[in-house]
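What you see is a predicted model; the values in this text were computed from it and never measured. Numbering of ligands and ligand atoms starts at 1, following listing order.
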Amino acid sequence: MAIKLIKSAFYHEMETRVKLCEFLSHPEQLSIGKYCLEFEDKFAKWQGREYCVFVNSGSSANLILLQSLLNTGRLQKGDEVWFSSLTWATNPMPLMQLGYTPIPIDIELGTLNVSLESFQRSIEGKNIKALFITNVLGFCDNIDAIAEYCESQNILLIEDNCESMGTVYKGKKLGNYGLASTFSTYIGHHMSTIEGGMVCTDDRDLYINLVMTRAHGWDRNLPADIQDEIRAKYGVGWFYAKYAFYTLGYNVRPNEINGFIGSDQMQYLDEIVTIREANFKRFVEKVNSNPDFYPIQHDHIEKVSNFAIPVVCKSLEILEKYKVRFEAEEVEIRPIISGDITEHIFWKEAYGKLNKKTTAQLVHSQGFYFGNSPEYTEDEITILTGLLSI
Ligand SMILES: Cc1ncc(COP(=O)(O)O)c(C=O)c1O
């Protein structure tokens with residue numbers, strides 16, 4: 001039986017596809033409209049944030065957030081923005097593209113995340129302006145202490161939460177620790193809109209700029225009262241308001257197909273998180289009782305919500321053993337996200353090779369992950385737990 005990393009395009013796949021066909025058979029608007037707004041509203045409420053801005057991918061969410069921080073003057077080009085070295089490429093890439101100075105921070109082996117201790121060690125004596133932390137694969141380290149420290153030092157904290165939608169740490173969902181956070185609804189992630197991503201924040205000015213940055217730098221997707229404010233401020237009349245461009249933007253809008261699916265899938269999100277958490281507990285018990293692997297520390301997290309299970313082997317030989325084992329059962333495995341991002345060619349070509357040994361490199365060279373689907377059968381879970389046994 002083959003077990004792919006991504007089992008289905010949607011939770012309740014066939015039912016959702018039927019609903020989608022039905023939706024498409026009506027002559028409704030398909031460009032951004034009421035379903036996208038409905039999804040934004042539902043997601044903001046679910047996340048416990050004031051605002052949610054829906055875009056066409058998690059990568060675009062990162063891009064517009066970093067652009068909006070420049071547009072609103074919260075950060076400047078050249079500013080040192082530190083980021084987790086175990087992350088996805090489009091976390092540091094927009095930092096590079098937008099002219100920030102990106103600097104990687106190493107992670108802890110047990111949690112795969114940046115801790116306050118690793119953060120403080122790295123930034124000593126540096127002129128840091130912001131931390132763009134990645135909450136890796138449903139985990140975090142002591143992000144509450146990091147948030148407190150950032151606040152006390154006037155360091156802007158933003159979270160890439162594309163891998164941890166639904167994780168709860170110290171009574172708070174990840175994605176609610178910083179000024180803003182990003183999410184992905186790509187099919188392989190927690191909840192699917194085929195492609196998609198969101199930025200969440202409680203900050204009204206940032207929200208306004210994010211909406212404009214998402215589409216051309218215009219105000220047309222903002223609520224009417226905010227449009228009135230902006231048009232009055234700049235003296236823009238009704239005719240030119242159609243094509244008035246206020247801030248540096250892109251076009252990374254989602255469409256109503258994404259919005260319709262997202263709004264519909266929201267009814268399942270808590271269930272998806274609960275099942276994934278239950279699966280995780282069964283898998284982690286196996287990982288942590290197998291001496292071939294480094295244990296995963298998760299007891300400090302109330303609810304772990306991930307879409308893949310990371311396994312870090314104690315040697316390269318052990319990794320080879322499990323690669324063969326998983327392949328023989330046709331179970332798809334991949335490196336742990338992008339691994340250490342500074343090991344990738346785009347980074348080395350820009351900044352050269354890092355001249356020190358890091359934990360992220362160890363995870364990169366000795367780690368793998370397999371999927372955590374909310375729709376696994378008992379047989380599939382038995383195969384996976386069996387593969388993790390010594
Ligand atoms: C940490 C992180 N950030 C951003 C992204 C990008 O999301 P998307 O694939 O929706 O562009 C990913 C994708 O897997 C990710 O893992």
Side-chain angles (χ1 to χ4, degrees), residues 5-6 9-10 39 43 52-67 81-98 102 104-105 107 111-114 131-141 143 157-167 174-175 177-178 180-200 214 250-255 257-259 261-262 265 276 304-310 332 334-342 344 346-347 360 363-364 367-373:
L5 197 67
I6 300 170
F10 313 109
F39 173 56
F43 191 78
C52 167
V53 180
F54 189 26
V55 288
N56 60 7
S57 72
S59 303
S60 298
N62 285 349
L63 177 67
I64 65 160
L65 174 57
L66 293 168
Q67 178 71 60
V81 181
W82 292 60
F83 69 94
S84 318
S85 48
L86 185 63
T87 188
W88 188 251
T90 49
N91 176 289
M93 276 181 183
L95 290 172
M96 295 164 73
Q97 287 153 337
L98 293 174
I105 309 175
I107 46 110
T111 61
L112 300 179
N113 274 271
V114 170
L131 169 61
F132 192 12
I133 199 166
T134 299
N135 300 320
V136 174
L137 290 174
F139 307 115
C140 62
D141 207 285
I143 192 170
L157 174 65
I158 49 175
E159 297 167 78
D160 181 331
N161 205 41
C162 290
E163 298 180 6
S164 297
M165 183 190 288
T167 288
L174 292 187
Y177 278 91
S181 52
T182 59
F183 298 82
S184 167
T185 49
Y186 175 63
I187 53 165
H189 287 237
H190 303 76
M191 190 192 86
S192 159
T193 60
I194 310 175
E195 293 275 4
M198 292 83 80
V199 186
C200 285
R214 170 178 65 184
Y250 305 91
N251 180 4
V252 291
R253 282 175 300 203
N255 60 50
I257 296 175
N258 309 125
I261 299 168
Q265 288 279 297
R276 284 195 155 123
V304 173
S305 172
N306 57 25
F307 53 77
I309 308 294
E332 187 179 359
R334 293 189 192 171
I336 296 179
I337 46 172
S338 304
D340 181 348
I341 210 71
T342 68
H344 289 268
F346 78 93
W347 182 273
V363 171
H364 188 99
F368 69 91
Y369 72 23
F370 61 90
N372 176 8
S373 166

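- Here the closest heavy-atom approach between residue L174 and residue S164 is recorded as CD1-CB, 3.9 Å.
- Counting the atoms of ligand 1 from 1 in the order shown, those under 4.0 Å from a heavy atom of S184 are 7 (O), 8 (P), 10 (O).
- Taking distance alone, with nitrogen or oxygen atoms compared against 3.5 Å, H189 approaches ligand 1 more closely than that limit.
- Distances between N or O atoms of D160 and those of ligand 1 include at least one value under 3.5 Å.
- The side-chain heavy atoms of F10 and I194, taken from C-beta on, include a pair separated by under 4.5 Å.
- Residue N135 forms a side-chain contact (heavy atoms from CB on, under 4.5 Å) with just one option from N306, N161, T167, and that option is N161.
- We find the CE-OG distance between M198 and S57 to be 11.5 Å, quoted to the nearest 0.5 Å.
- Of all protein heavy atoms, the one lying nearest to atom 8 (P) of ligand 1 is G58 N, 3.5 Å.
- Within the listing of ligand 1, atoms 10 (O) sit less than 4.0 angstrom from a heavy atom of G196.
- The six-membered or imidazole ring of F43 lies away from that of F54, with a centre-to-centre distance of 6.0 Å or more.
- Separation of atoms CD (Q265) and OG1 (T185) is listed at 10.0 Å; rounding is to 0.5 Å.
- Taking any N or O of E163, backbone or side chain, at least one lies under 3.5 Å from an N or O belonging to ligand 1.
- Distance check: T87 OG1 to L112 CG gives 12.0 Å after rounding to the nearest 0.5 Å.
- Taking any N or O of S59, backbone or side chain, at least one lies under 3.5 Å from an N or O belonging to ligand 1.
- Those atoms of ligand 1 that come under 4.0 Å of a heavy atom in S57, given as number and element, are 10 (O), 11 (O).
- Against a heavy-atom cut-off of under 4.0 Å, T90 is close to the following atoms of ligand 1: 6 (C).
- Taking atom 2 (C) of ligand 1 as the reference point, the nearest protein heavy-atom neighbour is W88 CB, 3.4 Å.
- Listed by number with element, the atoms of ligand 1 under 4.0 angstrom from any heavy atom of T134 are 1 (C).
- Residues F83 and W347 bring their aromatic ring centres within 6.0 Å.
- Considering backbone and side-chain N/O of C162, none are found under 3.5 Å from N/O of ligand 1.
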